Amino acid sequence: MSESSFLPTVYDPAPVEEKWARFWVEEKLFTADVNSDRPKFSMVLPPPNVTGSLHMGHALCFTLPDIIARWKRMQGYNVMWLPGTDHASIAVHNVIEQSLAEKGLTREKLGRQEFLRVAWEWKEKYGGIIIHQLKRLGASLDWSRERFTMDPGFSLAVRKVFVDLYQEGLIYRDYYLVNRCPRCQTVLSDIEIEHREVAGKLYYIRYPLADGEGSIVVATTRPETMLGDTGIAVHPDDPRYRHLHGRVAILPIIGRRLPIITDERVEKDFGTGAVKVTPAHDPVDFDLGRRHGLEQVVVIDGAGRMTEAAGPEFQGLDRSSCREKVVARLQAEGYLVKVEDYRHNVGHCYRCQTIIEPYLSWQWFVRMKPLAQPAIKAVEQGEIIFVPENWAKTYFDWMYRIHDWCISRQLWWGHRIPAWYCQDCAATIVSLKDPDRCSQCGSSRLRQDEDILDTWFSSALWPFVTLGWPEETPDLRVFYPTDLMATGFDIIFFWVARMIMMGLKFTGKIPFRHVFINGLVRDMYRRKMSKSRGNIIDPLEMVKKYGTDALRFTLASLAVPGMDISLSEERMAGNRAFANKVWNAARFVLMNIEGQDLSLNPQELTLADRWIRSRLKKVTGELNAALEQYKFYEAADKIYHFIWHEFCDWYLELCKPSLKAGITSTRAVMVETLERTLLLLHPFMPFITEEIYQHLPGAGKSIALTSFPSAEEIEADEEAESLVGLLQEVVTEVRTIRAQHRVAPKVKIKAWVKATDEITRSRLAVLIPYVKFLAGLESLEFKEDFEAGIPCLRGAGATWEVAIPAAGLVDLSAEKERLRREIKQIEEEIAKLQTRLQSPAFIERAPQDVVAETRANLAELEARRKKLSRSLSGIE
RNA sequence: GGGCGGUUAGCUCAGUGGUAGAGUAUCGGUCUUACAAACCGGGGGUCACUGGUUCGAACCCAGUACCGCCCACCA
């Protein structure tokens, strides 16, 4: 048969993938029907930032749900998987402001209107990149439902949520000490701060007492903040300072009078047991100050520069150079007692890694406790299930101790806070529609709050606003709550928890039933991928090199729930080889069925046909069970092993003689098995399976629209499995003997076989032609007596023996070595089992079937040893 | 300071009570007409350590060590 009419020998993924990716989108295969009467299965994609280009985290984050989506769709579900993007305030600001800076511009110079125009322009231009990439990579998303977190519907919903929460008292404004990033020029919420240990110093500073009698020494890591000190605190029970209670110290440099207060929160054992109190620049001091009525003196501004209140000597200095100057002056004036090296945790901005500055300012907050309570309950009662479940503990830990959420940001790109301040009576107006006049005094001199909302505020609404909320749309009714949310553990607090809280609050329902938490993608040495390390593995580059299917399969085969994934290119090369294997198996099948009768006569099935069907049944069951539990790695492993090591290595090889003999049913089973196998593989490798499927006789519009195999469709055939098991044993034994004696495959040799019981004998009789073919034997005959004086190479199972007359083939001393080694291994095993069986405790207490099994194993091993020993002494 | 996870073959990882597995790497042999991105075969592990429970432990319990991550107001 000429090969030219068939598929090429080497599979080239790129053209195939591009073709089908386009086809799926153009044919709208993944558009869900809201009127369908099939059961629904819905998900929303975690919206990638519009700034980004696709990275491995994304690739993982859509590959796994795509596997589920395709699987469920093939199982007959009405699958709706909604895509979209997130406006990502800070990230967009960083990108745009950086490009402005290159032109010598700042956002202030540009102005708010113009900046927003640039941002939208930028979003239109680059925001589509990820969407394009997702389409190219074949994620089976419903593109008719694509959303953006700043589209008009979203703006309306965000405003409604804000107004409702405000009216209920769950959103409030307060003058509070918050975290500010001096570089990003905005405040951040607590969870946007990353604490990292840094090498710092602990400065001991002496503050003289006002009455001139003595002094008190305090320890601080931030001496520059002393300029804003308004008190000193000691522990009430600390005997060292009892005489100082209620007295007054003098702040060096500034000269301010500092009352010495007592508070339980002071640690007696740290430093000197006395702490300076700077209410405007430290969270603990802020509380202390509020409780004890201390003044708040702001000495560092939002950009990290010293204010006028820091005094003329320091005003305008950066906080770090100010530290040096303050320390120098303290030293010069004798106030600096000592300086110690000190490692401590310092908060950094999660976006730009700048050290965070506590910053006293008016901000908007969400009161979290009332929202958290039902969200905790939903997980406690199992309405929402984390996979793996131990992530629920992380969720609970955070939720129980939740703090109020600072939601205002001093940025422009985002949802502007719907609050107005009356310039005449100072009233605050929060409203759905832009107000014309003050509701208190009727003045029309209103000024809208300059700030926008934290990006995560709108992200929290993603699962229901994307479906039409606050309208009661059919989509919302049919597809909400969603079934599965797949995302990384790093955003459980940022996103998952807040979606649960907001979902319950505004829809009265959970937003999703299952939360699948995937790990971080790391490099092959388990290091985080980062640009600075230069160890980024770019998914698009991998796609180019190995194909999307190989990338997807690699991610799936490494995805153990909740565990980080360490990725290597070798692994991907291996899976490209797997794709190629599938391709060539398909080529082989297609070559052999072209123009042939494919009718299936059950009477005509060969042993191999019966065996592969039975194996396929079991693998199908295992695959479905694994996916049911989100065990992607296990599912991938099962299908990989089945295709490569059962379908290709044994079944297709066994088909060759049958095909030669012209057995029609084998062709039928071959193509039937190939087709079912492709369906099983499709969720993992959508492209190559589609391409091959389209070459099969009777192919439909798309493999994605076929129905997923179920184990019930096929019958098990234990007899065939057991016979092929025996076949594999014998063939492997003969091959091993050949390989160890360097008997090349093309050298046709004779072999003898015998069985130690009648049943094995009759089974071997059936298997002889197969063994001959697979082991490359010229002949294989039953022979009762091997001991006829001809030196042989021997192998044995428990109930059978093979012998290859060795004359002229090999060096017998090598054979003796081989037999000795094998016997030794068997004897070690036998010794272990004997010890176990000699223990009365084992016989008495272990379950009967375990004991029986152990006995049977021992008997088998002993039988083998006997046979091999006889062979050995025969040679000797 | 609290919590979570990890430690199994050279490497990356599966494996929740009954004779240690995969991929890859490695060594040897093959172009056996689907596939050299392939085929056949081999070697390679006191399952981190110490105790305990059990007839039996990689697996359960207690502790130790090292690695990683998250949370945390000792300035």
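Note that the structure is predicted; figures quoted are calculated from it, not measured. Letters go in sequence order (proteins before strands), and every chain restarts at 1. The analysis underlying the following values was restricted to heavy atoms, covering all of them including side chains, and did not include hydrogens, waters or symmetry mates.
We find that CZ of A:Arg735 is positioned 15 Å from P of B:U32, with the value rounded to whole Å. Distance A:Tyr395 OH to B:C71 C1': 17 Å, rounded to the nearest Å. What separates CG of A:Leu567 from P of B:U24 is a distance of 15 Å, to the nearest Å. Remark: P of B:U19 and CZ of A:Arg855 are 17 Å apart, rounded to the nearest angstrom. A:Tyr400 has its OH atom 19 Å from the C1' atom of B:A72, to the nearest Å. Computed from coordinates, the A:Arg576 CZ to B:U24 C1' distance equals 14 Å when rounded to whole Å. Note: CH2 (A:Trp391) to C1' (B:C71) measures 12 Å, nearest angstrom. Atom CD of A:Glu194 and atom P of B:G68 are 17 Å apart (whole Å).
With both pairing distances under 3.5 Å, B:A22 is matched to B:U12 as a Watson-Crick or G-U wobble pair. Across all strands shown, nothing is found opposite B:C35 as a Watson-Crick or G-U wobble partner with both distances under 3.5 Å. In this structure B:G63 sits in a base pair with B:C49, meeting the Watson-Crick or G-U test at under 3.5 Å. The partner of B:C4, taking Watson-Crick or G-U wobble pairs whose two distances both stay under 3.5 Å, is B:G68.
Remark: the separation of the P atoms in B:U64 and B:U12 is 27 Å, to the nearest Å. The gap from the C1' atom of B:U24 to that of B:A62 amounts to 38 Å, rounded to the nearest Å. Comparing B:G45 with B:C40, their C1' atoms are spaced 25 Å from each other, to the whole Å. Spacing of C1' atoms, B:U33 relative to B:U26, comes out at 31 Å, to the nearest Å. Taking atom C1' in both B:A22 and B:C4, one finds a spacing of 27 Å when rounded to whole Å. Across B:G17 and B:A36, the matching P atoms stand 43 Å from one another, rounded to whole Å. The gap from the P atom of B:C59 to that of B:C69 amounts to 27 Å, rounded to the nearest Å. For the C1' atom pair drawn from B:A37 and B:C70, the interatomic distance equals 42 Å after rounding to whole Å.
The side chain of A:Val850 lies closest to B:G18, out of B:G18, B:A14, B:C71. Taking only side-chain atoms of A:Thr732, from C-beta outward, the nucleotide of B:G68, B:G41, B:G18 with the closest atom is B:G41. Of all nucleotides listed (B:G41, B:C74, B:G18), B:C74 comes nearest to the side chain of A:Glu267. In the set B:A75, B:A34, B:G23, the nucleotide with an atom closest to the side chain of A:Tyr640 is B:G23. Closest to the side chain of A:Asn584, from the set B:U19, B:C35, B:G5, is B:C35. Counting only heavy atoms from C-beta on, A:Asn580 has its side chain closest to B:C35 among B:A75, B:C35, B:U19. If you check B:C69, B:G5, B:A72 against the side chain of A:Met563, the one that comes closest is B:G5. In this structure, the nucleotide among B:A34, B:C4, B:A75 sitting nearest to the side chain of A:Asn390 is B:C4. Minimum atom distance to the side chain of A:Glu653 is reached by B:A34, of the listed B:U19, B:A34, B:A72. Side-chain proximity of A:Ala739 to B:G28, B:G43, B:G3: nearest is B:G28.
Backbone-only contact: A:Gln740 has heavy atoms under 4.0 Å from sugar-phosphate atoms and none from a base. Within the nucleic acid shown, A:Arg401 comes within 4.0 Å of sugar-phosphate atoms alone, with no base atom in reach, counting heavy atoms only. Residue A:His645 is classed as a sugar-phosphate contact, given heavy-atom separations below 4.0 Å to backbone atoms only. Backbone-only engagement by A:Thr220 is indicated by non-hydrogen atom pairs under 4.0 Å involving sugar-phosphate atoms exclusively. The residue A:Tyr546 sits apart from the nucleic acid: no heavy atom pair falls under 4.0 Å. As judged by a 4.0 angstrom heavy-atom cut-off over every strand, A:Lys656 is placed among the base-contacting residues. Contact annotation for A:Asp397: backbone-only contact, meaning every heavy-atom pair under 4.0 Å involves sugar-phosphate atoms and none involves a base. At the heavy-atom level, A:Val266 lies under 4.0 Å from base atoms of the strands shown. Residue-level contact check: A:Asp649 touches the backbone only, with heavy atoms under 4.0 Å from sugar-phosphate atoms and none from bases. Nucleic acid contact for A:Ser566: sugar-phosphate only, since backbone atoms but no base atoms lie under 4.0 Å from a heavy atom of the residue. Within the nucleic acid shown, A:Pro840 has no heavy atom closer than 4.0 Å to any nucleic acid atom.
We find that A:Arg222 and A:Asp282 are not joined by a salt bridge, their nearest charged nitrogen and carboxylate oxygen being 4.0 Å or further apart. Comment: A:Arg319 does not engage A:Glu224 in a salt bridge, judged by the lack of any side-chain N to carboxylate O separation of less than 4.0 angstrom.
The six-membered or imidazole ring of A:Tyr651 lies away from that of A:Phe588, with a centre-to-centre distance of 6.0 Å or more. Aromatic rings of A:Trp391 and A:Phe386 (six-membered ring for Trp) have centroids beyond the 6.0 Å cut-off, not under it.
The phosphate of B:C39 (OP1 or OP2) has a side-chain N or O of A:Trp644 nearer than 4.0 angstrom. One finds a side-chain N or O of A:Tyr633 lying less than 4.0 angstrom from the OP1 or OP2 phosphate oxygen of B:G15. A close approach under 4.0 Å does not occur between any side-chain nitrogen or oxygen of A:Lys393 and OP1 or OP2 of B:C70. A:His281 has no side-chain polar atom (N or O) that falls below the 4.0 Å cut-off from OP1 or OP2 of B:C73. OP1 or OP2 of B:C39 sits under 4.0 Å from a side-chain N or O of A:Lys581.
Residue A:Asn584 comes nearest to A:Thr9 through the heavy atom pair ND2-O, 3.0 Å, listed as atom of the first residue, atom of the second, then distance. Heavy atoms only, all atoms of each residue included: A:Ile191 and A:Phe494 are closest at O-CZ, 3.1 Å. Closest approach of A:Ala775 to A:Val734, counting heavy atoms only: CB-CG1, 3.8 Å.
Side-chain atoms of A:Tyr350 and A:Glu194 include no donor-acceptor pair closer than 3.5 Å. Side-chain contact of A:Tyr176 with A:Asp404: a donor-acceptor pair under 3.5 Å is absent, judged by distance alone.
Residues A:Cys648 and A:His195 both approach RNA chain B. Their nearest nucleotides, taken by heavy-atom distance, put A:Cys648 toward the 5′ side. Along RNA chain B, the nucleotide nearest to A:Ile191 and the one nearest to A:Val10 differ in position, and the one closer to the 5' end is contacted by A:Val10.
Within 6.0 Å of the CD atom in A:Glu389, the count of heavy atoms belonging to other residues, nucleotides or ligands does not exceed 12.
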